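These notes concern the structure reproduced below.
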Number of protein chains: 2
Amino acid sequence: MLSKKTQYAFHALIHLAEHADKGPILISEIAQEKNISIKFLENILLELKNAGILGSKKGKGGGYYLMRTPKEIPLARIIRLLDGPIALLPCVSLNYYERCENCKDEAVCGLNDVMGRVRDATLKLLENKTLKDILTKD
Amino acid sequence: MLSKKTQYAFHALIHLAEHADKGPILISEIAQEKNISIKFLENILLELKNAGILGSKKGKGGGYYLMRTPKEIPLARIIRLLDGPIALLPCVSLNYYERCENCKDEAVCGLNDVMGRVRDATLKLLENKTLKDILTKD
DNA sequence: CATAAATCCTATAAAAACTATAGGCTATTA
DNA sequence: TAATAGCCTATAGTTTTTATAGGATTTATG
């Protein structure tokens with residue numbers, strides 16, 4: 001399961017995308033609208049900003065906004081950023097690989113093979129579907 | 001990611017399947033062969049037994065053995081038993097569904113839709129692939 | 001320039017989940 | 001009846017997740 005952090009991030013990004021025409025959006029507005037703890041959300045948006053996905057403006061009239069169009073933000077990017085590996089096993093992870101400590105040869109491990117396929121099927125969706133694909137408006 | 005518990009369970013099941021001709025197998029043998037803490041493994045095998053996947057025999061000459069042929073044990077069964085939900089979000093889980101607290105209507109939520117597809121793609125593999133498919137021998 | 005608004009940043013706390021261990025109990029075999 | 005091996009439950013240690021706190025910094029505006 002995705003962590004709350006990642007789930008909140010998706011809902012926040014959706015809100016930002018659906019209100020992109022209204023200039024910077026307040027953290028507090030998103031928190032209220034999406035029923036998320038404001039302080040927790042603050043940390044999440046900061047991480048998204050530091051990763052270059054969001055921009056922000058301080059002071060009155062400030063808030064957060066998308067740095068790219070929704071179409072340019074694959075869902076896999078958000079998950080990897082906040083949750084880490086998408087694969088079900090470390091030994092089939094593309095970005096967070098770790099050797100299997102329970103089997104002797106990954107090359108002939110059937111579990112490795114099947115989980116690799118699960119990873120591929122999952123990534124086919126999560127790398128191609130973007131923020132744009134999860135919006136209600138437009 | 002799957003928990004260690006589930007990962008260990010898969011490796012133990014593989015060992016049991018590949019030595020099914022040798023009668024009951026000792027926990028200690030599996031633990032040593034697969035590099036797993038023996039006491040931790042004990043709990044896992046017990047859970048698999050209580051779920052009807054494994055059988056056991058006590059006393060000298062005892063041990064664990066499969067209650068069904070490898071072909072009859074889908075990978076999804078093991079994951080759900082030890083790890084819980086396979087879906088990435090509670091709101092798209094078939095067996096552990098929970099309503100989304102951050103969106104107003106799941107029926108029109110794009111995130112719900114995409115994650116439902118991820119679940120389907122994952123389950124297509126995990127429900128059809130069985131213990132037999134992850135064995136080295138045979 | 002002073003003030004209020006809003007994000008930035010880091011630390012920490014609280015809770016939950018995960019991983020592992022302990023130790024006595026029970027059944028079985030020889 | 002002694003040794004073997006699983007059964008069962010509790011608990012401990014660690015890590016991760018979730019959430020909160022509070023002051024620092026930047027910006028807009030009157």
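Since the structure is predicted, the reported quantities are computational estimates derived from the model, not experimental observations. Naming: A, B, ... by sequence-line order, numbering from 1 per chain.
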Checklist line | Presence of salt bridge, A:Glu47 and A:Lys5, under 4.0 angstrom | finding: yes

Check: Taking atom P of C:dC18 as reference, at what distance in whole Å does atom NZ of B:Lys5 sit?
Finding: 8 Å

Next item on the list: Kindly compute the distance separating CD1 (A:Ile86) from OH (A:Tyr96), expressed to the nearest 0.5 Å.
Entry: 8.5 Å

Item checked: Spacing of B:Ile30 atom CD1 and B:Ile14 atom CD1 [to the nearest 0.5 Å] -> 11.5 Å

Notebook entry, point to check: OP1, OP2 of D:dT18 versus side-chain N and O of A:Tyr8: anything below 4.0 Å?
Noted result: no

Notebook entry, point to check: Looking across every strand, which nucleic acid part, if any, lies under 4.0 Å from A:Leu45 by heavy atom: base, sugar-phosphate, or nothing?
Noted result: nothing

Check: For every nucleotide of nucleotides 22-30 of chain D, 5' to 3': is a protein heavy atom under 4.0 Å from its base (B), only from its sugar-phosphate (S), or from neither (-)?
Finding: B--BBBS--

Next item on the list: Ignoring backbone atoms, establish whether A:Ser37 has a side-chain N or O less than 4.0 Å from OP1 or OP2 of D:dT20.
Entry: yes

Check: Just by distance, do the side chain of A:Glu106 and the backbone of A:Cys100 share a donor-acceptor pair under 3.5 Å?
Finding: yes

Notebook entry, point to check: Can a donor-acceptor pair under 3.5 Å be found between the side-chain atoms of B:Asn43 and the base atoms of C:dT19?
Noted result: no

Next item on the list: Decide if atom CD of A:Glu127 counts as having more than 12 heavy atoms of other residues, nucleotides or ligands within a radius under 6.0 Å.
Entry: yes

Next item on the list: Check step by step if side chain to side chain donor-acceptor pair (under 3.5 Å) holds for B:Glu29 and B:His19.
Entry: CA-CA 11 Å; B:Glu29 176 186 321; B:His19 298 81; 4.9 Å; no

Next item on the list: For B:Asn128 and B:Lys124, indicate whether the former's side chain and the latter's backbone hold a donor-acceptor pair under 3.5 Å.
Entry: yes

Note to self: Would you say CE of A:Met67 has more than 12 non-hydrogen atoms from neighbouring residues, nucleotides or ligands within 6.0 angstrom?
What the structure shows: no

For nucleotides 13-15 of chain D, give me every protein contact, N/O to N/O, under 3.5 Å, one pair per line with atom names.
none

Next item on the list: Starting from P on D:dT17, measure out to CD1 on A:Ile44 and report it in whole angstrom.
Entry: 13 Å

